[in-house]
Asker: 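Here it is: the structure, laid out below.
All heavy atoms count here, side chains included; hydrogens, waters and symmetry mates do not. Convention: sequence-line order gives letters A, B, ...; per-chain numbering from 1.
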Amino acid sequence: MIPAHFDYLAPTSVEEALAALGEHGDDAKIIAGGQSLLPVLRMRLNAPEVVIDLGGISSLRGIRDDGDAIVIGAMTTHHAVRDHDLVTEHALLLSKAAAEVADAQIRHRGTFGGALAHADPAGDLGAPALALDAQFVIAGPGGTRTVEAADFFVDLFETAIGDDEILTEVRVPKHTGWGAHYEKFVRVAHQWPIVAVAATVRGSIDEAKVGLTNMGSTPLRASATEQALAGASATEEGVRAAADLAAEGTNPPSDLNGASDYRQHLARVLTGRAVLKAAGS
Amino acid sequence: MTATQDRPAAEIGKDRRRKEDQRLITGRTRWTDNMTLPGMLHLAMVRSPFAHASITSIDVDAAKASANVVAVLTGKDFGDELGVCINAWPITPDQKTPAHSPMPADRVAFAGEVVAVVVARSAAAARDAAELVDVEYDELPAVVGIKKALEDSVLAHPDLGTNKSALWIFDSSEAGTGGDVEGAIEEARANGIVIEREYRQQRLIPAFMEPRSVVVDPTGEQITMWSATQIPHILRFALAATTGVPESKIRVIAPDVGGGFGGKLQTTPEEWIAWAVARRLSKPVKYTETRSESLMAAHHGRDQVQTLTLAADKDGKVTGFKVHLDADLGAYIAIVGGGVPVLGAFMFNAIYKFPSYRFECQTVLTNTTFTDAYRGAGRPEATYAIERMMDELAAEVGVDPLEIRERNWITHEEFPFTTVAGLEYDTGNYEAATAKAKESFGYDELRREQAERRQRGDRVQLGIGVSTFTEMCGLAPSRVLGSLDYGAGGWEHASVRMTPLGKVEVVTGASAHGQGHETAFSQIVADRLGVPFEDVEVLHGDTQVAPKGLDTYGSRSLVVGGEALVRAVDKVIDKAKVLAAHLLEASEDDLEYTAGRFSVRGTDQGTTIQELATATFAGHDYPEGMELNLDADATYDPVNFNYPHGTHLCAMEVDTETGAVKMRKYTCCDDIGTIINPLIVAGQVHGGLVQGIAQALWEEAVYDESGTLVSGSFVDYLLPTSADTISFDVVHTDDPSICTTNTLGTKGVGEAGTIASTPAVVNAVVDAVRHLGVSDIQMPCTPERVWRAIHAGDGDAPTPGAAMPHFQEDSLNQDEGAGQ
Ligand SMILES: Cc1cc2nc3c(=O)[nH]c(=O)nc-3n(C[C@H](O)[C@H](O)[C@H](O)COP(=O)(O)OP(=O)(O)OC[C@H]3O[C@@H](n4cnc5c(N)ncnc54)[C@H](O)[C@@H]3O)c2cc1C
């Protein structure tokens, strides 16, 4: 498992990183925590000539309060996201999901921004980010732009980030006091989910937001379920009836771990469980 | 030998921490890949991405021109010089055996087969250049899967004319060990119970922790091969036999080896290629596989379809068992490939008194990685089949699964017992093991909870699975192996050397790769010779140090190798006694040997074994005619296999909504005779259980129709970690059945957990949902299969082909499969 030769650049500012990206174009690849990129390089599925490490850019790390939102730097590790007070207070769903990513070693290396930029439909952070209506701040040669979560995930392994751009931070609107649960269904402990459901609810239940992991080529919102839950009471029966709508309009993959119809079934069952747990019942 | 009999057992039975662990766990040791020799070159393999194809051309120019490349060689460049990969166990005289070149020049028969080797000054340069080798293939139709292979419509090797390699049969009425099974089935159809099932033993990958690695140094008088192997002695023999280099010119070293589980019981194409390249270039070379290569091209295990017919009377007393196996050999017949399923022939009757029995094994060739031994080798498959069937019989009769077993098992008064498969079980006590397991498990309480959950219609159902297993281990009496046409014996060798200052070097022909032999063997010698544990050094795994041996597999090292060791120690004592008598001026008959000291009965005169060792070194005073050393060798050929057994009980929770399964409790009571080191035994049992449970729940090597290994990384080939298992309840009978065919009374334990646990788990899963109309779920019992079994009554949905990638990238700037 030896990657092909590459040059390594370690910029110390976003501007420097963008300049390097501009200079090397298609031949360059950004590395954040390396937990997805390094396997790709080692299996020689890709061989960039230049690898640009964001690890030395301190402004990309950390979580801050910004009024009605919290802002998570792209280079913040899963471990840091999970434990941060601002996250547990205002975006509990992210903390719950980050706790479920891979194993402890990977959570200490892998980054929030890297995981979202990688856009694996089985990744654990896309659905929660989508459910929380996160906004993605992307820096490019022409300055900075903000992309809504709904527009950020484009397809399998494809996001709105351009070749010459860098994801710098993610703004997560505060969901203070919302209950949350991330229900991840796996066969062994340290695995990408076969299906997972990210649910966060206000009251029991005034409003609910539900994201689905691995139910299509991008994270999805279970909109029909959300509508049915608004104003519903958090009884097992009511929630399950709403959860039965969770797989509507989805087209999940069939693979080693489950055929498409089984995934749809799981989405319904897990949505019910996630919402009930998020509502604290 | 009587002199040594009543020595206090200070070490045997002690929970010694393993002395090898510090270096093995920290990795500060000699793994093969750690070896660096002056001028050493590195190899990278170019492997076929196709399961079956003719090689039309190989263009190596670009690779040769790549930086730091020394040579690029193909099968054509070598010819006979490469040698061949051997099958040491042709199971029938007319077995169809495809020629197996380490690097074929004309045609590949599985995806992952080596077609060219790049030799470079660094591993990275070799890998880079391997990407540049341009191989043109003409794809041929590939046959994948046992059922397809049996049709013979697509051939794995067209020149053989068939995929069917050999049919091996044992019939108790022909062997004179029992009655006629067809008669028993006929009778049961009329007046009793007939249960017919087809079970699938999915293909598994041994997945040892240290990937295979080989270093060859051709520069000395002896050509030296270091290899991460379980079998240095067999490897040397095979190198000599197939490459024409005299054995005396070959030294094989298995340094510390990081696990094998049967997966390193092989003579590999990669070893042969490294050997040929080193000799061709007269330079040391190293090859270490990547994990992807290991999963794809190191041998796989299991892979059988079992067609089973069990006949019983109305009370559930079994009258006959008929077994037909179809076993997938993969593309070639590996060193003991065909023999592995045949080893199961003697175990399908397990602990039971079956009056009639027939076993047939049809081996087939396919365009997939070749299969061979994997922990348990033949016995887990057999145990799975019979223990699943006994649960089905219990369900049919309507009694508890333990009750049905009791109606059929050999009672403890009946030992020694000759089975319907012709083996003589020396000792055992199935009643005692079962009673103890039941108690420790809380059997009755869990059964009560199960009934309650059923009654409530609980979302989570509870199931209890039973496996009362035995196995044959301690491979093997050489004459028995001869009668099965196996290409070697089953003896083991040991030497004991006394150093001048009275320390002890023990040389064993067994070749540990993580089992803890150094500790256990030291304990045995410490007790038997009466020396401190710390004074014993166990040497192994180097043909220059340990010239004779048959290595480690089949739970044989302690029960065969340990017995050789005991006998060598006893010879040392006998030799020392002559010298002691001389120095003490006493008659040998008046000497007593205790705790490492000869003393003259009734006096305080005596001398220690250490003093005698020094006296031999000095040689100043010794009796006429005595050869001046205390060292001794012993070769031991076992007179019988031995038969550990145990009762394993497993409770599984099944979420009927999702099909998810969760282990609630696992108790095993193994009777393995005398226990040398309980801690090592616990380690073997725990690890063994996890491997068996993993077959039941997680692991499966899956190929797509074209012969590509879909589960080609640990993302898709699911190995459990400690996070997936629970704490097992490991107990032993209070009064173990001591093995009568070796001095220490030991039975093998290396494979027991793996053999026993798989059916216990599946039985528990099926038991949890049997009331919902389920009678089988195919392994591994994935949530999806369990869910489908509950909701559609079909638990045998095939695993679909492709795996979703997690490491996909936009630009794939490399030919598919060219290098890993
Ligand atoms: C064994 C294993 C198990 C795993 N299990 C899970 C799991 O269960 N659930 C889960 O969600 N994930 C899992 N992961 C993936 C893990 O979460 C990674 O941390 C994540 O996918 C990528 O984050 P990273 O920081 O390591 O990114 P990298 O690997 O460094 O980069 C990933 C990709 O994103 C790009 N990129 C990174 N940062 C930026 C940026 N700021 N702007 C633009 N592009 C960028 C890179 O160029 C690259 O293409 C697992 C990984 C491994 C190795």
Side-chain angles (χ1 to χ4, degrees), chain A residues 1-5 26-27 29 35-49 102-104 118-123 156-158 163 183 185-192 194-195 214 217 240 252-263 265-270 272-273, chain B residues 44 67 122-128 130-131 211 290-293 655 657-661 694 697-698 700 702 710-711 713-725 780 782-785 787-788 791 797 799-814 818-820:
Chain A
M1 299 291 252
I2 304 167
H5 175 90
D26 271 0
D27 298 333
K29 205 74 190 135
Q35 299 305 295
S36 294
L37 186 66
L38 284 178
V40 167
L41 300 188
R42 291 162 68 100
M43 290 189 277
R44 296 199 176 212
L45 296 171
N46 198 346
E49 281 169 22
D103 57 39
H118 189 55
D120 181 345
L156 282 174
F157 303 101
E158 200 183 326
D163 280 350
E183 184 81 15
F185 193 81
V186 285
R187 288 178 56 204
V188 295
H190 302 144
Q191 196 191 4
W192 278 272
I194 298 171
V195 171
N214 216 13
S217 54
R240 282 184 178 253
S254 285
D255 70 10
L256 285 181
N257 293 310
S260 186
D261 66 324
Y262 176 61
R263 281 197 158 88
H265 167 75
L266 284 180
R268 291 188 280 266
V269 174
L270 303 178
R273 292 181 186 180
Chain B
S122 74
R127 191 68 268 160
D128 284 345
E131 313 284 314
T290 65
R291 182 59 69 181
S292 310
E293 287 180 295
D655 180 338
E657 255 176 25
T658 60
V661 299
L697 300 181
W698 300 302
E700 181 175 23
V702 180
V710 172
S711 50
S713 85
F714 286 152
V715 171
D716 298 301
Y717 189 82
L718 296 186
L719 281 189
T721 66
S722 55
D724 298 297
T725 56
T782 63
E784 182 179 18
R785 285 199 179 115
W787 178 74
R788 288 197 195 281
H791 295 278
T799 308
M804 289 296 291
H806 296 283
F807 302 118
Q808 180 161 297
E809 283 298 316
D810 7 284
S811 56
L812 300 183
N813 50 359
Q814 178 218 299
Q820 260 69 33

Asker: Salt bridge or not between B:Arg785 and B:Glu700? Use side-chain N to carboxylate O under 4.0 Å.
Answerer: yes
Asker: Contact part of A:Val269 toward chain B, heavy-atom cut-off under 4.5 Å: side chain, backbone, both or neither?
Answerer: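 Contact with chain B is through the side chain of A:Val269 alone.
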Asker: Quick one: what part of B:Ala44 sits under 4.5 Å from any heavy atom of chain A, side chain, backbone, both or neither?
Answerer: neither
Asker: Counting heavy-atom pairs closer than 4.5 Å to chain A, which one of B:Leu697, B:Thr721, B:Asp724, B:Val661 comes out on top?
Answerer: B:Asp724
Asker: Is a side-chain N or O of A:Ser260 found less than 3.5 angstrom from the main chain of A:Ser254, in a donor-acceptor match?
Answerer: no
Asker: A:Arg268 versus chain B, heavy atoms under 4.5 Å apart: side chain, backbone, both or neither?
Answerer: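 Looking at A:Arg268, nothing touches chain B.
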Asker: Check the surroundings of atom CG in A:Asp163: do more than 12 heavy atoms from other residues, nucleotides or ligands lie under 6.0 Å from it?
Answerer: no
Asker: Once you measure the plane-to-plane angle for A:Tyr262 and A:Phe185, does it fall in the parallel (<30°), tilted (30-60°) or perpendicular (>60°) bin?
Answerer: perpendicular
Asker: Using a 3.5 Å distance criterion without hydrogens, assess whether the side chain of A:Arg263 forms a donor-acceptor pair with backbone atoms of A:Gly258.
Answerer: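 Judged by distance alone, yes, a pair lies under 3.5 Å.
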Asker: Tell me, for B:Trp787 versus chain A, whether the close heavy atoms (under 4.5 Å) come from the side chain, the backbone, both or neither.
Answerer: side chain
